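The structure appears right after this line, and notes come after that.
Note that the coordinates shown come from a computational prediction; the quantities given were computed from them, not determined experimentally. Each chain gets a letter, A, B and so on, in the order its sequence line appears, and its residues count up from 1.
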Amino acid sequence: MSSSTDLGRPDPDPTVAPTRDGRPVSDRGDTVCVIGAGASGLTAVKNLREAGFGVDCYERETGVGGAWNWRHDRSPVYASTHLISSRPFTQFPDFPMPDDWPDYPHHAQLLSYFERYADHFDLRQHVWFGTEVVRVESVEGDRWDVTTRSTGGYGPERTSRYAAVVLANGHNWSPKLPRYEGLEQFRGEVMHASSYKDPAQLRGKRVLVVGAGNTGCDIAVEAAQQASRCWHATRRGYWYAPKYVFGRPADQVNDTLLALRVPLRVRQWLYHWTLRLTVGDLTRFGLPRPDHRVYETHPIANSQLVYYVGHGEITPVPDIARFGDRTVELTDGREIDPELVVFATGYLPRFEFLEGKVLGDADGSGRPRLWLNAFTAGHPTLAVVGLVQPDSGIFPISHWQSVLFARLLTLRTTHPDRAAAFGRRVAAGLGERYSAKVKDSTRHWFEVGHADYLRALQRALHDLEGK
Amino acid sequence: MAERVRVVRGWEWARPERPARREVLAAVPELDQAKPPLLFVPGFGHGAWAFAEHWLGHAAGRGFPAYALSLRGHGGSEPAPGATLRSYTHDVVQAAAGLPRQTVLVGHGAGARVVAHALARYPARAAVLVAPVLGGWGTFGTALRRNPAGTLPAVFGAGLRLNRRQLFSRELPDAEARRYVSRLGRAGRRAQWQLLTGRQPEPAVGRPPVLVLGSPDDRVVPAAALTRAARRYASAPLLFPGMGHDLMLDARWREPIDAILDWLDKDPTPAHG
Ligand SMILES: Cc1cc2nc3c(=O)[nH]c(=O)nc-3n(C[C@H](O)[C@H](O)[C@H](O)COP(=O)(O)OP(=O)(O)OC[C@H]3O[C@@H](n4cnc5c(N)ncnc54)[C@H](O)[C@@H]3O)c2cc1C
Ligand SMILES: NC(=O)c1ccc[n+]([C@@H]2O[C@H](COP(=O)([O-])OP(=O)(O)OC[C@H]3O[C@@H](n4cnc5c(N)ncnc54)[C@H](OP(=O)(O)O)[C@@H]3O)[C@@H](O)[C@H]2O)c1
């Protein structure tokens, strides 16, 4: 059924078929629409199929894997990307990665994992590749009109009516580009990390990397090895955590404490103390002291950044004040002269095919207001999957979100009372957080602590099942 | 069976199972007929060889890609004296997820208990429990009554010894029976103990249809235990009178495997969930 060009769809019966703006709408009955065939979309397709639903999945690229297929034009992944969350936290809970893989697999392994997942569960037959969703509109009866066209805008638009929609379009592809005074007249090269693919892009240049999320830290480390000079600009101090502590992946050590139900304050204290003993006092290297406790910004997992700072290959600097013709002025008044500036300033969510207020974004800030980061009030047949930024892997969360949604859709027919109670729960819980108090930044809009979040989701699942 | 789905598994994430080299024997049909792969999981003491004798080839002959796993510490897999039920479950889920398509899990004897655990961690296409030893003290009672000399030492950590008369009917020539018994190994003592005392399997994920079969003349698993096992999965057991516990090695090995493949050919639908 799937092919990148053929858009054949059972033709609607013209006598009874609904229309929209004068065009026919093909009625897909009880079928559920999934937008995106990245990891989150794939697990939604699998879990909806498993619950007995028909599924049409639309994917603008010609393959599965989303961000992890680094050939995709919007993939944020670069040649050296390895996981930051270790395997047990990153794999789907019912389809483990091979146990002879490393603790932190490479992005090519991740892609092969998602391809195998798609083949193992025979998911590709439900995916329309090369097809982009351009509009999602609610119609009466809690149903949805989804309008698609070939990626790139070729060919006619087609509209199909679905019983429910899963948004799994990812939130790490639309670059966040801060504004700076003088940036337009700067004569050096400027790029966002999303178009950084290969260390050759840095070779022999004087490079300024902005931002110390995991992307910024990775790129600074590569610049330390490839560039002739590397400055790393951050607007605050961070906790640079190594990938291994006590000989084990750091997240596994952390989860041992979580499993023991050690309270957050004690975990923060232990963490600070461990970093102090292993990584040491970073202000000695000229890095600013963190303005927050650990877990209050999205965790950095990078064993090499501090190492290269200690070797003088990375020069930590404060935020940019303004750009000159060939220079950059920093907030401490210093001037530097990079040839290339890489903005590793993160990504913003984008649901350009949907009216903002459907996801509770009333003020147009682009920030949805959801319960469990997945459900919106008043639209019981809509779910967002994968709109989380955990201190851990995303995929188990996407899996359970889609299991929960499939369960909810089933109960809408078998136990409407329970489905209605769930709807009330959604409305009451909009905007609920599942993490320590985090620093106010767009990068923390979807920050969740994986244990808190999954516990809340487990509770929702049990409530729904009435057990 | 525990009733509720488990989402949070902090200990398991924090302490992943140590991998062990696995032996997987295979018989794959020459032409892919789009039938689901089968993964045979032997019980305690047995290795993949027990299925390689007859069932693997027969299943492949009927168009099913067929694989048999040796749990760690068994057959050609890595020695693992400290193995637990969790390690065995890990081995099964790893082997199943490593196959190209959604797999049917077939567990024999205590291998059925391992499969029941695996079903909570892998959405099998279907499951078949052959002469299942699902564990608990009832299993122990039967074993003690039928084979006191082989069973009692197991309580104190020795290997559980099964004898020829428990495993095979009189139809199987003596020499063959002896040859098979001489190949038997033993499970880890922690796993043996957990078979009696360990936690019951969590509910299966993905609503797999489940078939239970065995022999009323099995001297390890009494008929009542078969009925009980089948009832857990809301069905009744298929019975093959006159056969011993090792249905895949006994003289009339062909009948049960044909029944399994016939059932699969009918494309059983998911259980209600
Ligand atoms: C460098 C980097 C490293 C990361 N490392 C980790 C890590 O170690 N662990 C971790 O858990 N997460 C990590 N992440 C987070 C990452 O976003 C997720 O791992 C993952 O890619 C999310 O999957 P997804 O399916 O939700 O989104 P995506 O992978 O972005 O997939 C979305 C899919 O939807 C398609 N799509 C979008 N819009 C439309 C449309 N309108 N119509 C049709 N199709 C559409 C896209 O083409 C894409 O295929 C990392 C992110 C980055 C940037
Ligand atoms: N597997 C891996 O190896 C890997 C690699 C890269 C990324 N990732 C994941 O991908 C996601 C995105 O990561 P990311 O690093 O690209 O983005 P990010 O986490 O959002 O980090 C953005 C960085 O840029 C800074 N920044 C943002 N806006 C700024 C502004 N206006 N002025 C100055 N600085 C600004 C932020 O500072 P503030 O803290 O002050 O906001 C932060 O340091 C994360 O979930 C991350 O874990 C994983």
Completion exercise
Whatever's closer than 4.5 Å to a heavy atom in chain A on B:Arg125 counts as neither

Handout entry: Part of B:Ala96 lying under 4.5 Å from any heavy atom of chain A
Key = backbone

Heavy-atom count around [X] [atom1] within 6.0 Å, excluding the residue itself: above 12?
X: B:Glu30; atom1: CD; result: no
X: B:Arg231; atom1: CZ; result: no
X: A:Asp30; atom1: CG; result: no
X: B:Arg186; atom1: CZ; result: yes

Problem - For chain A, which residues of residues 9-17 of chain B have heavy atoms nearer than 4.5 angstrom - result: B:Gly10, B:Trp11, B:Trp13, B:Ala14, B:Arg15, B:Pro16

Problem - Steps toward side chain to side chain contact (heavy atoms under 4.5 Å, CB included) verdict (A:Gln458, B:Arg6) - result: CA-CA 7 Å; A:Gln458 178 169 281; B:Arg6 233 173 103 206; 4.2 Å; yes

Handout entry: N/O donor-acceptor pair under 3.5 Å between B:Arg4 side chain and A:His462 backbone
Key =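 No; judged by distance alone, with no hydrogens or angles, the pair does not exist.
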
Problem - A:Asp119 and B:Pro100, any side-chain heavy atoms less than 4.5 Å apart - result: no

Problem - Heavy-atom side-chain proximity of B:Pro123 to A:Asp94 below 4.5 angstrom - result: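 Yes, close enough: below the 4.5 Å cut-off.
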
Give, as side chain, backbone, both or neither, the part of [X] having an atom under 4.5 angstrom from any heavy atom of chain B.
X: A:Arg87; answer: neither
X: A:Pro96; answer: both
X: A:Leu454; answer: both

Practice task
Between chain B and each of A:His450, A:Arg116, A:Lys46, A:His399, count heavy-atom pairs under 4.5 Å; write down the option with the most.
Solution key: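 Maximum pair count with chain B is reached by A:Arg116.
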
Problem - Minimum heavy-atom distance between A:His120 and B:Arg101, given as atom pair plus value - result: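 Closest pair (atom of A:His120, atom of B:Arg101, distance): CE1-O, 3.1 Å.
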
Exercise for the section: Quick one: pull up CZ in B:Arg21 and CG in A:Asp100 and give me the separation to the nearest 0.5 Å. Expected result: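 Reported to 0.5 Å precision, the distance equals 12.5 Å.
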
Exercise for the section: Could you tell me which residues satisfy side chain to side chain donor-acceptor pair (under 3.5 Å) with A:Arg49, sequence neighbours excluded, listed by chain and number? Expected result: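 With neighbours one apart ignored, the set is A:His126.
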
Exercise for the section: Would you sort out whether B:Arg22 and A:Asp99 count as a salt bridge (Lys or Arg N to Asp or Glu O under 4.0 Å), showing the intermediate values? Expected result: CA-CA 11 Å; B:Arg22 285 182 289 277; A:Asp99 60 2; 3.0 Å; yes

Practice task
Count the heavy-atom pairs under 4.5 Å between each of B:Ala97, B:Pro37, B:Gly98 and chain A, then report the option with the highest count.
Solution key: B:Ala97

